[in-house]
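The structure under discussion appears below in the form of structure tokens.
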Amino acid sequence: MDVQVLPGTSQLEGREDVWKFETLLPYLDKFNQLCQRDSTGGWEKCWEEGLTPWDLRQPTPIMLHLHQTGALPTGRALIPGCGSGHDVAAIACPKRHVVGLDISDKAIKRAIELSSSSPNADCFTFIEEDFFSWRPTELFDLIVDYMFFCAIEPGKRSVWASQMRDLLKPDGELITLIFPVSNHVGGPPYKLSITDYEELLHPMGFEAVSVAENKLAVGPRKGNELIARTTLNKADLYTFRQPQRSFLYFLFVF
């Protein structure tokens, strides 16, 4: 796997646990300082300095698998916080047009550069916009959230949930890759749990279809990452089922 090493952290290169959240914690101070300056400039600065530990530099394995097995909705799809756009290009196809959205101009330019020669380039679009204030003219059949929700301050998460509701078509699907499932303090990234999603999405009319361990999570993220699939039913509010343990595993076929 092609692993991106943070500047100044060459001692991590070659370590098998490089993607384990606890391993990266000591090296995220500068990343957090940049992001906390302001909601736009902090992320832009991270991309300028190459301080992007969330960037896998390849498509997310589970998303590629779902696409290749025909397990994703067709129509219009959105990936907010798309970064360098690997997932956008990976799941785009003639029956699914994917929009990659990011607040960082640097990230969007990088995504366009990387995907410019893709044979399916007509099937995706990159847009530089703030997800929270963006008002597209068309709604989406699918939204994918990975390493986006965890970057939002907990006090501002309700805006994320309402925007997800407003951007999805009735019966549209929201796929969330839940990471990091941990007990650390502070962020970004902030710790996540099923309860965090349940409390936000239940009032918005989302129904849980499945919640499971992401068995295709990269390296040591396995065991610390979940995948949740939910559908939006604006007419019939529904709740996540309560977890039997600290988080719930639904039966999910990979």
Side-chain angles (χ1 to χ4, degrees), residues 2-9 19 21 24 27-60 63 76-92 97-118 121 123-137 140 142-157 159-164 166-167 174-180 186-190 192 218:
D2 189 8
V3 174
Q4 180 175 8
V5 179
L6 304 185
T9 60
W19 280 112
F21 182 74
L24 290 173
Y27 305 97
L28 294 182
D29 287 344
K30 184 178 180 181
F31 163 69
N32 289 332
Q33 291 170 9
L34 291 174
C35 289
Q36 289 171 4
R37 289 178 186 174
D38 61 76
S39 60
T40 303
W43 295 109
E44 184 71 6
K45 198 68 175 177
C46 286
W47 281 99
E48 288 178 0
E49 298 190 11
L51 202 60
T52 56
W54 59 85
D55 185 9
L56 296 182
R57 300 178 66 184
Q58 65 177 30
T60 305
M63 294 310 303
R76 282 171 51 80
L78 170 68
I79 301 182
C82 68
S84 52
H86 295 288
D87 287 340
V88 173
I91 69 170
H97 189 92
V98 185
V99 175
L101 193 76
D102 206 288
I103 197 171
S104 167
D105 173 71
K106 191 78 172 180
I108 291 297
K109 288 180 178 177
R110 176 64 173 161
I112 293 173
E113 177 186 0
L114 289 173
S115 62
S116 60
S117 60
S118 297
C123 301
F124 57 83
T125 306
F126 291 106
I127 300 175
E128 179 193 345
E129 283 284 355
D130 184 344
F131 168 80
F132 297 100
S133 59
W134 187 48
R135 298 292 182 267
T137 57
F140 294 91
L142 169 68
I143 301 180
V144 179
D145 184 304
Y146 188 28
M147 302 303 290
F148 183 65
F149 181 77
C150 67
I152 302 168
E153 293 181 21
K156 298 179 180 179
R157 288 175 175 175
V159 183
W160 170 90
S162 61
Q163 182 72 332
M164 288 294 184
D166 293 344
L167 292 178
L174 170 62
I175 296 179
T176 52
L177 289 164
I178 305 171
F179 177 84
Y190 297 94
L192 301 179
V218 294

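What's counted below: heavy atoms across the whole structure, side chains too, no hydrogens, waters or symmetry copies.
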Could you tell me which residues satisfy side-chain contact (heavy atoms from CB on, under 4.5 Å) with [X], sequence neighbours excluded, listed by chain and number?
X	answer
A151	W43, P188
I112	I108, F126
C150	M147, P180, P189, L192

Practice item. With sequence neighbours left out, write down each residue that passes side chain to side chain donor-acceptor pair (under 3.5 Å) with S162, or none if nothing qualifies. Key: none
Check your understanding: For T60, what residues pass the side chain to side chain donor-acceptor pair (under 3.5 Å) criterion, not counting sequence neighbours?
Key ->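 Only D87 meet the side chain to side chain donor-acceptor pair (under 3.5 Å) criterion with T60.
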**Study point:** Flag, side chain of S104 to backbone of K106, donor-acceptor distance under 3.5 Å
**Key:**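 Such a contact is found between S104 side chain and K106 backbone.
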Practice item. Quick one: do F132 and K156 satisfy side chain to side chain contact (heavy atoms under 4.5 Å, CB included)? Show the steps, please. Key: CA-CA 10 Å; F132 297 100; K156 298 179 180 179; over 6 Å; no
Which atom pair, heavy atoms only, marks the closest approach of [X] to [Y]?
X	Y	value
A89	S118	CB-OG, 4.4 Å
G81	F148	CA-CD1, 3.8 Å
A92	V98	CA-CG2, 3.6 Å
P80	I143	CD-CG2, 3.9 Å

Nearest-0.5 Å distance, [atom1] of residue [X] to [atom2] of residue [Y]:
X	Y	atom1	atom2	value
E129	D102	CD	CG	11.0 Å
I103	W134	CD1	CH2	13.5 Å
L78	T125	CG	OG1	11.0 Å
H97	R76	NE2	CZ	7.0 Å
M164	F131	CE	CZ	4.0 Å
I91	I79	CD1	CD1	4.0 Å

Revision key, fill the gap. With sequence neighbours left out, the residues meeting salt bridge (Lys or Arg N to Asp or Glu O under 4.0 Å) with E113 are R110
Exercise for review: For Y146, enumerate each residue passing the ring-ring contact (aromatic ring centres under 6.0 Å, His included) test, keeping only those at least two apart in sequence or located in another chain.
Suggested key: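 By the ring-ring contact (aromatic ring centres under 6.0 Å, His included) rule, Y146 matches no residue at all.
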